[in-house]
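Letters A, B, ... are given to chains in the order of the sequence lines, protein chains preceding strands, and every chain is numbered from 1.
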Number of protein chains: 2
Amino acid sequence: MPRTNRTRFALLGFLTQGPKTGYDLRKVFEERTSHFWSESLGQVYPTLRRLYEEGLVVREVQKQDARPDRIVYSITEEGHAELVLWIAQPSKPQPVRNEQLLKLFFASPEHAPALSNDLRRHLDRYRAQLDRFHSFENQIPQLAPTEARNQMWRLTLSLGQRILAARVGWCEEAIPVLDAISKETES
Amino acid sequence: MPRTNRTRFALLGFLTQGPKTGYDLRKVFEERTSHFWSESLGQVYPTLRRLYEEGLVVREVQKQDARPDRIVYSITEEGHAELVLWIAQPSKPQPVRNEQLLKLFFASPEHAPALSNDLRRHLDRYRAQLDRFHSFENQIPQLAPTEARNQMWRLTLSLGQRILAARVGWCEEAIPVLDAISKETES
DNA sequence: CGCCGCATGTAAGAGGTTACATGATTCG
DNA sequence: CGAATCATGTAACCTCTTACATGCGGCG
């Protein structure tokens, strides 16, 4: 059994929140789940088509002139059933791969400056991500269909924040260490 | 440019710490980098062979009876150069995918019990991982070739610990929330 | 006048996981 | 006597990313 295709479920999941086009879906991944799930465009359209062929979604083509037609997908009963089945299954531990740490692990002292710079750049990204968290957090009360759902969404944010905080804290620990190594090596 | 093959560098990196067989390498990934890097067996042997064909490693076959011959790989000058080049390059943000959070995001209240159980299982894994951290941490002083390397290895552990702590803390937050949702739904 | 947003996709090509295959030895 | 360790690999399979392709309209 090869690993299971999770893109299917990610798409189905968002379609439970209303009909959407491929374009909508790609946006929604960026805005709402970028801290724990990303999808590349090249995966969205082919997978949507496959879901359609399997009857897990239906589609409605809306003609537009001056623009490509919108193809709006909606989830079916069967799609819902498949999604629910997947959610209920225990999730297996996923392979872990952190390229940055791998580099650090094999680095020599003379790489310290480059690594330090790299970390600084990443720190900036983390801060940008924190902003996105806040904007989504504020939207939850309006978006959440039920109180339980509201709480669950908050939990997904919470882990994101905790991990982000861990990374930020680590960068703040690591940068001075690397800078100190840089200085030693210079002299 | 398709995504770059990081397995190559992971293998080269460990070979800087002395000649090793494919089998050794797979073990070393488990023991030392399991908190930030994993390799599957099906990737190790083919990649080693490719590195050999490209002249980045050399090999020595040690005959054994009653067992398959050991094929011991050592890194070459060229391999070293390639590794160093890779380390110096800034690392790009990697796609993030957390299946567990994805499920939580799409879950309905009636899934709360299953999700809660799942989290409990993961908590156990986290604790086991913490143990592995400690055992490696204790080995660092003997294993580290230089003081700077020693500090870098400590940093990789530090991020692992911080993230693990974040996850544990989150589980402890999330389990009661999910259990509360379970109770509400029952009644 | 150029870039961004809307809107669809395809093609190429890794990269990576899982399962299969084999077989002796040692340890509990 | 069965499981784990040593030791090599292959086959199947697909998931996923990157880059390419097209084209209008609006905003600054």
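- Using a 4.0 Å heavy-atom distance criterion, A:Arg97 is classed as a sugar-phosphate-only contact.
- The separation between A:Lys92 atom NZ and C:dT17 atom C1' is 10 Å, rounded to whole Å.
- Nucleic acid contact class of A:Gln64 (heavy atoms, under 4.0 Å, all strands): sugar-phosphate only.
- Residue B:Thr7 places none of its side-chain N or O atoms closer than 4.0 Å to OP1 or OP2 of C:dG15.
- Rounded to whole Å, atom P of D:dT17 lies 16 Å from atom OH of A:Tyr45.
- You'll find that the side chain of B:Tyr23 is closest to D:dA7, out of D:dC16, D:dT17, D:dA7.
- The A:Pro68 side chain lies nearest to D:dG23 when the options are D:dT18, D:dG23, C:dG16.
- For B:Phe133 and B:Tyr126, the gap between ring centers reaches or exceeds 6.0 Å.
- When rounded to the nearest whole Å, the span between CG of A:Leu41 and P of D:dC16 equals 15 Å.
- Nearest to the side-chain atoms of B:Ile71 among the listed nucleotides C:dT10, C:dG16, D:dT8 stands D:dT8.
- Taking all atoms of both residues into account, the shortest heavy-atom contact from A:Thr76 to A:Val58 is CG2-CG1, 3.6 Å.
- Counting only N and O atoms by type, the side chains of B:Ser116 and B:Arg120 include a donor and acceptor under 3.5 Å apart.
- Going from atom CD of A:Gln43 over to atom P of D:dC20 covers 19 Å, rounded to whole Å.
- Within 4.0 Å (heavy atoms only), A:Arg8 reaches no atom of the nucleic acid at all.
- Among C:dT10, D:dT5, D:dG9, the nucleotide with an atom closest to any side-chain atom of A:Pro46 is C:dT10.
- Closest to the side chain of A:Asn5, from the set C:dT10, D:dC16, C:dG16, is D:dC16.
- Summarising the geometry, the separation between CZ on B:Arg50 and P on C:dG15 is reported as 6 Å, rounded to the nearest angstrom.
- The shortest distance between the side-chain N/O atoms of B:Arg49 and the OP1/OP2 oxygens of D:dT10 is below 4.0 Å.
- Taking atom CG of residue B:Asp69 and atom C1' of nucleotide D:dA7, one finds them 10 Å apart after rounding to whole Å.
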Let me see the working for A:Arg70 and A:Glu60 under salt bridge (Lys or Arg N to Asp or Glu O under 4.0 Å), right down to the final yes or no. CA-CA 8 Å; A:Arg70 284 163 58 84; A:Glu60 186 205 346; over 6 Å; no
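- We find that NZ of A:Lys20 is positioned 14 Å from P of C:dA7, with the value rounded to whole Å.
- Hydrophobic cluster membership differs between A:Phe29 and A:Tyr45, with clusters built from Ile, Leu, Val, Met, Phe, Trp and Tyr side chains linked at under 4.5 angstrom.
- Remark on DNA chain C: of its neighbouring residues A:Val72 and B:Glu39, the 5'-side contact belongs to A:Val72, judged by nearest-heavy-atom nucleotide.
- Rounded to an integer number of Å, the gap from A:Glu31 CD to C:dG5 C1' is 13 Å.
- Residue B:Arg26 places none of its side-chain N or O atoms closer than 4.0 Å to OP1 or OP2 of D:dA7.
- In this structure, the nucleotide among D:dT8, D:dC6, D:dT18 sitting nearest to the side chain of B:Lys27 is D:dC6.
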